[in-house]
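What follows is a single structure, written as structure tokens, with notes after it.
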Amino acid sequence: MVKRSLEASLAGIEQAKKAFAHKGWTQDNLAFEVNLKTRQPIWRFFTGRSVDRHIFIEICSVLSLNWREIAANPPEEFSESKELGATEFLDIDALVQQVRSQRFDKIQDQCGTLQLLDVSRPVRIDDIYIDVNILEEIPSLQWLEFADLQKFTSKEFDRFGLGEVSQTQIAGIAAAETYSKLRVLGKPGAGKTTFLQHLAIQCNRGRFAANRVAIFVTLRDFADETRVAGEFNLLNYISKEFLTCGISDPSMLETLLLSGRVLVLLDGLDEVLHQEKKGVANEIRRFSEKYQKNIFVVTCRTAAKAFNLRRFTDVEIAPFSQDQIVAFAQKWFTALTKTNIQNKQEQAIEFIKKLDLPENLQFRRLAVSPLFLHLACWVFHHQNKFPNQKIAFYKQCLDLLLGKWDETKAIERDEVYEGFLLSQNLKLLSHVASATFDQGNYFFEQRIVEQYISDYICDLPNASTEPEELQLNSEGVLQTIELQHGLLAERVRGIFSFSYLTFQEYLTARKIVASYNLQTLEQPLERLVSHITEPRWREIFLLTVAMLRSADFLVLLMKQEVDALVAQDSYLQKFLTWASQKSFAAPESAAIRAFYFALARTPHLTPYFAVVCIFDQGIFLDTALDNLVMECTIADAHACDDALSYTLAIVQDAGLHQALQQP
């Protein structure tokens, strides 16, 4: 007979007291950690009295002690098979099949469909799911020097965000097979819940963890139930859920758990309110250690990783690769459009083709997230192209992260700062984006971003000016932006960036336009124009023009800036004079001048251009242009193409270059 209670030996009590003192806790603290309503079992433990076996083992576990070394006359290994022998379930495999059969429809209904954003009908998970990849090393736990990150270009920033620099990826289902206690982290919209639903469906069909019964628990629902019941008890919660499937005998669940025949899927630890999160986490730890033979998978946003689950292995969902983007698009257009099969396939092919075009780089940056990839497919489906005005798409993405995504999932979040409205979140993020981008920083230290937040909070009504409180509020706001909104991400320890460069660019442009509109002054646009020669500001210019009610003044400032640059450069002056002279004789002088500009800008034509400017040997180019104009007038597109090819062949001819350089 297995002992139902244990007591500590004198030596064990001394060892436990040292570990307890090292923690710096009170007995009430320890009772909370062990998930006890009173500290009486703690008092009994430290006075050598008998304590329930499970509570005794949990106390030792929390204190990082080996319970066998603490207990007086510890029993031999607990023989769970003996406990099971007392039950009526002699064939555990038959019990698994029986329970799975009774719960099959429940799991299919609970996990078999997805409700995609802006889609009016549920979508079967099989029709849209793409196997996810897992990063076994959490990027934000890396130690890198800030100076090393400062060297990154925008393209390197994207690769860094994709986890493609040096990290090995494995299939998500392989990670679930490898680790019996797994916590899956990921950004908002990364596919954490969908991955968990996929595991449940595969287990239900006997294709994954075939000898186990799947149990899927939404942790915020568990926390809501706990509010009513007054205690954190997963066993009771799951038992009630079993009742809905016609399984009224509680010993069936206990038998499965003790036999290690359950796949326990716990979704959304980050979605639990702060005051309940510790209790929920403690119950997960207690439950997983009591029934340790089972497989446990918990999902949580990456930013909540600091809330540790002892003995769980943390991994992170990797952003979509190119192959995954292609596979998702093919499934998306097949599942969600009402056109015929051929048109669906053609639209998917066209989507991928256009997504890879340079002008759609910003869409490509966001498409590594399943959430934003779905939005991109949705927009493309209705327009058969990506919109030229990107700001509406970016705004929709930001609205999702700043609240709408949680609203669609009915998630209630903690308030971090009293009176801190959604619009103020947007203003704050625009302030951070503008300040960091203007300094050329894609990455910034935590203390820097907290200072930006502090500066912003100071100007809010009724804000505290007490330094310590202001610092705490700044830390809280940063944690909220990272955890709840996912717009700022801790890339490596203590160093943050915007989760996507596209958002930093968009918010920077938004700040410029807002400052210009509010102040009715020119300074914001003048500061923007000062960056006209810097390639990394190109997208800011385009976004600013799109957001302004009228871009006339900005275009005028840009012309003035360009004129000033040209006036200071004698080489450019020669070039413009040459191009202007070449175009005087033609009726369409502007178009002809543009032709000369375009050819002269080609990198491998630079030697020829230098010679032309100096020796005025433009006769070959003139002849070629005449030929092109004539062909365009009397021939079709193929002839125009041939004429242009002939023109470029003349200009690129190496022999011509050598001839022109002869004295």
Side-chain angles (χ1 to χ4, degrees), residues 140 144-147 149-150 152 154 157 160-161 187-188 302-303 306 394 398 401-403 414-519 523-524 527-528 530-531 536-537 539-540 543-544:
S140 57
L144 289 178
E145 292 292 334
F146 178 68
L149 296 179
Q150 284 296 85
F152 277 41
S154 60
F157 176 93
F160 186 83
K187 295 177 183 177
T302 303
Y394 297 161
L398 284 173
L401 294 182
L402 289 172
D414 300 291
E415 284 190 20
V416 64
Y417 188 78
E418 186 177 356
F420 204 80
L421 304 176
L422 193 64
S423 59
Q424 290 170 322
N425 257 322
L426 201 55
K427 290 178 182 178
L428 168 60
L429 288 164
S430 297
H431 172 66
V432 175
S434 175
T436 53
F437 194 90
D438 190 57
Q439 296 169 6
N441 294 335
Y442 298 129
F443 301 93
F444 28 87
E445 294 173 280
Q446 181 172 339
R447 62 179 180 83
I448 299 297
V449 71
E450 285 177 355
Q451 185 58 56
Y452 287 134
I453 294 171
S454 179
D455 293 343
Y456 182 83
I457 291 177
C458 279
D459 295 331
L460 294 177
N462 304 318
S464 171
T465 56
E466 202 280 317
E468 185 173 351
E469 184 176 350
L470 196 57
Q471 175 63 28
L472 290 173
N473 286 334
S474 300
E475 292 173 2
V477 170
L478 177 58
Q479 290 172 6
T480 299
I481 293 172
E482 185 189 11
L483 172 60
Q484 296 183 12
H485 309 323
L487 282 166
L488 290 176
E490 189 177 18
R491 294 296 192 175
V492 297
R493 288 184 183 271
I495 299 177
F496 285 74
S497 77
F498 280 85
S499 52
Y500 300 92
L501 180 57
T502 295
F503 291 150
Q504 188 178 14
E505 293 171 336
Y506 170 81
L507 290 166
T508 298
R510 185 187 181 280
K511 171 72 171 178
I512 293 169
V513 173
S515 300
Y516 174 68
N517 289 339
L518 289 174
Q519 299 175 11
Q523 287 92 331
R527 287 198 298 271
L528 172 62
S530 69
H531 299 288
R536 72 185 191 89
W537 282 82
E539 190 64 20
I540 308 297
L543 290 169
T544 302

Atom pair OG1 (Thr508) and NE2 (His431), whose distance is rounded to the nearest 0.5 Å: 11.5 Å
Glu505 vs Tyr394, side-chain contact (heavy atoms from CB on, under 4.5 Å): CA-CA, chis, key distance, verdict: CA-CA 10 Å; Glu505 293 171 336; Tyr394 297 161; over 6 Å; no
Leu429 side, atom CG; Tyr456 side, atom OH - distance, nearest 0.5 Å: 9.5 Å
Partners passing side-chain contact (heavy atoms from CB on, under 4.5 Å) against Asp438 (at least two apart in sequence or in another chain): His531, Trp537
Straight-line distance of Glu450 CD to Glu475 CD, nearest 0.5 Å: 5.0 Å
Inter-residue atom distance Leu398.CG - Leu507.CG, 0.5 Å rounding: 5.5 Å
Least distance between heavy atoms, Ser497 atom then Tyr442 atom: CB-O, 3.1 Å
Contacts of type side-chain contact (heavy atoms from CB on, under 4.5 Å), residue Thr436, not counting sequence neighbours: Val432, Asn441, Phe444, Tyr452, Phe498, Gln504
Phe437 backbone acceptor or donor facing Arg536 side chain under 3.5 Å: yes
Heavy-atom check, side chain of Arg510 versus side chain of Leu426, under 4.5 Å: yes
Minimal non-hydrogen separation, Ala509 against Thr544, with atom names: CB-OG1, 3.6 Å
Pairing residues for Ser454 by the side-chain hydrogen bond (donor to acceptor under 3.5 Å, both in side chains) criterion, not counting sequence neighbours: none
Distance in Å, Gln446 CD paired with Ile453 CD1, rounded so as to fall on 0.5 Å steps: 9.0 Å
